[in-house]
Amino acid sequence: MAFYTYMLKCADGSFYTGHTENLDNRVAEHNAGFVKGYTFTRRPVELVWSEYFQTRYEALEAERQIKGWSRAKKQALCKSDWETISALAKSRA
């Protein structure tokens, strides 16, 4: 079974990170208001990044890691800007 970690950009410009086994359905649920958490009052949302994982554990670990990142690092991830991600990781250390 496939699992995904994903990042949404909310209508207020903030980012939300989660994981799921059905990416298209989950994004639709966020936009329809079926998810009563963070995104509920920040709709519509837009999928800006996702990654496929073999296990739920891997997807959850990636979600936890990204949730701890700065806004700048999340923006770099959305652009696949690995050089900036690396530089930001080094500057934090």
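- Between Leu77 and Trp82, the closest side-chain pair of non-hydrogen atoms falls below 4.5 Å.
- Between atom CG of residue Asn31 and atom CD of residue Glu46 there is a gap of 9.5 Å, rounded to the nearest 0.5 Å.
- Between Lys9 and Phe15 the shortest side-chain heavy-atom distance falls below 4.5 Å.
- In this structure, the separation between NE2 on His19 and CD on Glu58 is 12.0 Å, given to the nearest 0.5 Å.
- In terms of heavy atoms, Met7 sits closest to Cys78 at CE-SG, 3.9 Å.
- With rounding to the nearest 0.5 angstrom, the OG atom of Ser86 is 8.0 Å from the CD atom of Glu83.
- Between the side chain of Thr5 and the backbone N or O of Ala59 there is at least one donor-acceptor pair closer than 3.5 Å.
- Taking every heavy atom of both residues into account, Lys74 and Trp69 meet most closely at CE-O, 3.5 Å.
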side-chain contact (heavy atoms from CB on, under 4.5 Å) between Leu23 and Tyr52: does it pass, once the steps are laid out? CA-CA 10 Å; Leu23 186 58; Tyr52 166 87; over 6 Å; no

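- Contact record, Ala76 with Ile85: CB-CG1, 3.6 Å, taken as the closest heavy-atom pair.
- Residues Asn22 and Thr20 come closest through the heavy atom pair N-OG1, 3.2 Å.
- When all heavy atoms of Thr55 and Phe3 are compared, the closest pair comes out as C-CD1, 3.4 Å.
- Atom CD of Glu21 and atom CE of Met1 lie 4.5 Å apart (nearest 0.5 Å).
- In this structure, Ser50 and Leu47 approach most closely via the heavy-atom pair CB-CD1, 4.4 Å.
- Annotation: Lys79, atom NZ; neighbour count of heavy atoms from other residues, nucleotides and ligands within 6.0 Å does not exceed 12.
- Between atom CD of residue Glu63 and atom CG of residue Leu60 there is a gap of 5.5 Å, rounded to the nearest 0.5 Å.
- Hydrophobic clustering, with ILVMFWY side chains joined whenever heavy atoms are under 4.5 angstrom apart, groups Tyr4 together with Leu8.
- Scored by the side chain to side chain contact (heavy atoms under 4.5 Å, CB included) test, Ala11 finds Pro44 as partners (sequence neighbours excluded).
- Within the structure, the ring-ring contact (aromatic ring centres under 6.0 Å, His included) test picks out the following pairs touching residues 26-46 (sequence neighbours left out): Tyr6-His30, Tyr16-His30.
- Taken from NZ in Lys73 to CD in Gln65, the straight-line distance is 6.5 Å, to the nearest 0.5 Å.
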